[in-house]
Amino acid sequence: MLRLPLAVLLVAAFFSVAAEEGKWTPSQVLELDAGELRQMGLQIAPRDLWDPAKGSGLLSAAINISGCSASFVSTTGLIATNHHCLFGVLQEHSTRERDIISNGFLARERGQELPGRTTRVTVPRAFADVTAQMEAAAANATDDLSRYHALDRKQKELVAACEAKPNRRCRLARFDGGVQYILQEMMELRDVRLVYAPPRAIGEYGGEVDNWMWPRHTGDFSIARAYVSPSGEPADYNTANVPYAPERFLRISQRPLREGDFVMVLGYPGLTYRSLLAEEMRERRDLFFARRVELFGEWIELLEAVSKDSEEGRIAVAADLKSLLNRYKNAQGQMDGFRRGDLLNKQLLAEREVLAWAASRAEWQPAVAARAELLRHFEERLTTWERDFLFANIGAGPKSLSFAQTLVRLATERTKPDMERDEAYMERNLRSLLATLERQQKSYFPEADKQMLLALVERARKLPSGQRIEAIDALFPTSLSRQELASRIDALYRNSKVLELESRKAMAGESTEALRARKDPFLDLAFSMEERMAGYREAERRWEGTISRLRPAWRKAVMAHAGKPVAPDANSTLRVSFAHVAGYAPRDAVAYGPFTTLSGVVEKNTGKDPFAVPSRVLDAAKAGKGSRWKDAALNDIAVNFLATGDTTGGNSGSPMVNGYGELVGLNFDRVWENVANDFGYNPAIARNVSVDIRYMLWTLEAIDGAGELLAELGITR
Ligand code: ASP
């Protein structure tokens, strides 16, 4: 048996019961026991992380970059995040002649930096609990749909009032279905440029083979810079803009990171499902992830096949394909984790325990009833599940249909007063919606799009009766052979203009009448699907209303039963997770260490994608270049490390900081055994994967000779 000193055992036991489980909100961090956090290894005061009175703290350096997490790392607006988070900008600027996806990119001077058209950074400013106001707004609702609308209205009013302040971008976040509502005040920076990305063979080393796996050797880092107007205000891209000087930035740690060290993950975890009822979890496992594997698997196969022999095609589909691959493997990991961790049963047992506890207490009877009612409504939703799944995935599919739907919705929603529109079509969001419609042209590859549509239509044609999409049935009758179907789809593409950039831009300003008058086949298809789509959207809203009425009642019982702080499910808001650097045992008789090294990168090299180490790396490694980044204990350059951070998608790019608040790494993944942590925390396998910041420094120095950039990061010779 492995002999560990008593102190280590005690610390380990403490970790497992204390704050390691949970993605804590900034205000919760201040409610946790400061003494315990200190004992875990936090050297700074919790209030240094976030001071609500000042609306500032170290956490204001933890920013969101287009759905990923990131951090400011210099006074000159430099931002560190993952390679995969800025991959879209690489794809946006790659051409056959200048393939920066493969070769990487380094701006030797500021004028060379590459703007990400739709890349946005938000910087946190203030958080206000508005739960009482939201509840009051919904108090008189007569049914769940009107409840949804009452909450939606209030949310829009609160956001509008918040955005009346100069340069504010606000968002109302709902926690665990409505246990709490928090108004998030942020500053949005719209001019964000790529400064540096390593070659794909470093940034994505191991590719899909190693994705979601350990041991890992990926240099998943890249650097951007945020710009503001010369007077310091957020502004659209303009060459006259100047680097943004953040209030706080993270200093790069000069202390070697070691096994057992305390670390924190600061970031914006996207979506987890721990507050779901067991039956809802079953739907995720048996339907949602299962169908995602089927649909995305099919799309991936044909995207790969279609782009195989075309350099242009490869660049066009690169970002979409990467995202599909990532979610495809994630879905498999979720299903695998359910099985291995027996998660469904665990949730059933946990639920039963709370039920038994609540049933014997008069004050919790409403919670018991709320759970039962929630379950009833949930089961009703399953009757149109397959069709709804296809509707929900149109946006991830063929551009023809998703562009056409967006244009039709845009024209329809525009006729309404701003506060009554669907949020995505409100004036405050139109600029980015239009930019996306334009930006996506770079990702359009006709043959791939046609094939994706064909696959989608074939799925729609297999829907059970009662869930048919009549507009698809009418256009593609089941009597058509596959061949006929394909040629009909060809004809649609031939006769449509939604895929031509200039026409699409014009369409984005037109009324529904004008769009109909165009007699464009994709617009016509979108119009004829609209009735069904509207019904689907209304059912979704009603369900949101139901959730907001019932889930909080049940969750409050769960929390009262727990008798300790419970962190809410992830919802893309700023969170902190406390952790330490540690290996784990994935399977019987296997033990994983917490660090991988540069020697490991070389060891994995086969010369073939995705394990083709660039020769510059091999040479530098051999020559011992940049060896000042060598870790004395490892006698090697640390590449990736494991920690016990409680993370999920969206935490990509999260700064990993030590107890002093210094940057030691960038989170970019979880291990395979831990993919299903979205449904429950298991301390034995809860490991997040980060790139060691020393690997980034080594690459900048030894591979790219990026001395000036290093100096900006505070690193001098
Ligand atoms: N690799 C991740 C992502 O795709 C991060 C994670 O899910 O842990 O967002």
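- Taking the side chain as every heavy atom from C-beta outward, Arg381 and Glu540 approach each other to under 4.5 Å.
- Arg169 places a side-chain heavy atom less than 4.5 Å from the side chain of Arg428.
- A salt bridge does not link Arg171 to Glu185: none of the charged nitrogens lies less than 4.0 Å from a carboxylate oxygen.
- Between Arg461 and Glu458 no salt bridge is recorded (no basic side-chain N to carboxylate O distance below 4.0 Å).
- When every heavy atom of Ala359 is checked against every heavy atom of Gln365, the shortest pair comes out as O-NE2, 3.0 Å.
- By the side chain to side chain donor-acceptor pair (under 3.5 Å) test, Asp286 is found to be paired with no residue, residues two or more places apart in sequence or in another chain being considered.
- A side-chain donor-acceptor contact under 3.5 Å links Asp449 to the backbone of Lys399.
- A salt bridge is defined here as a Lys NZ or Arg NE, NH1 or NH2 lying under 4.0 Å from an Asp or Glu carboxylate O, and Glu386 with Lys462 fails to meet this definition.
- In summary, Asp143 and Arg147 do not engage in a salt bridge, as defined by a charged side-chain N under 4.0 Å from a carboxylate O.
- Between Glu420 and Lys156 the shortest side-chain heavy-atom distance does not fall below 4.5 Å.
- Here the straight-line distance linking atom CG of Asp33 with atom CD of Glu31 works out to 12.0 Å at 0.5 Å rounding.
- The ring pair (Phe, Tyr, Trp, His ring centres under 6.0 Å) contacts involving residues 341-374 comprise Trp357-Trp364, Trp357-His561, where partners must be two or more places apart or lie in separate chains.
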*Might you work through the side-chain hydrogen bond (donor to acceptor under 3.5 Å, both in side chains) test for Asp152 and Gln155, ending with a clear yes or no?*
CA-CA 5 Å; Asp152 184 56; Gln155 147 169 355; 4.9 Å; no
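- For the pairing with Asp678, the side chain to side chain donor-acceptor pair (under 3.5 Å) check across Thr272, Asn330, Thr648 returns one residue only, Thr648.
- Aromatic rings from Trp50 and Phe127 are positioned such that their centres are separated by under 6.0 Å.
- Here the side chain of Ser323 pairs no donor or acceptor atom with the backbone of Ala319 at under 3.5 angstrom.
- Taking the centre and axis of the six-membered ring of Phe288, the NZ or CZ atom of Arg284 falls inside the cone set by 45° and 6.0 Å.
- Contact detail for Ala173 and Thr573: the closest heavy-atom pair is CB-CG2, 3.4 Å.
- Classification of Lys23 and Asp646 as a salt-bridged pair holds, one side-chain N sitting under 4.0 Å from a carboxylate O.
- Contacts classified as ring pair (Phe, Tyr, Trp, His ring centres under 6.0 Å) and involving residues 528-557 (residues at least two apart or in different chains) are given here: Phe391-Tyr536.
- Side-chain atoms of Arg532 do not come within 3.5 Å of backbone N or O of Ser528 as any donor-acceptor pair.
- The existence of a salt bridge linking Arg274 and Asp569 is excluded, since no basic side-chain nitrogen approaches an acidic carboxylate oxygen closer than 4.0 Å.
- Atoms CG and CH2, from Asp210 and Trp672 in turn, are 12.5 Å apart once rounded to the nearest 0.5 Å.
- Within the 3.5 Å criterion, the main-chain N or O of Tyr425 finds a donor-acceptor partner in the side chain of Arg421.
- Salt bridge absent: Arg541 and Glu538 never bring a charged side-chain N and a carboxylate O closer than 4.0 Å.
- Under the 6.0 Å cut-off for aromatic ring centres, Tyr181 and Phe175 do not qualify, their centroids lying 6.0 Å or more apart.
- A salt bridge does not link Glu380 with Arg542: none of the charged nitrogens is closer than 4.0 Å to a carboxylate oxygen.
- Between Trp299 and Gln451 there is no side-chain heavy-atom pair separated by less than 4.5 Å.
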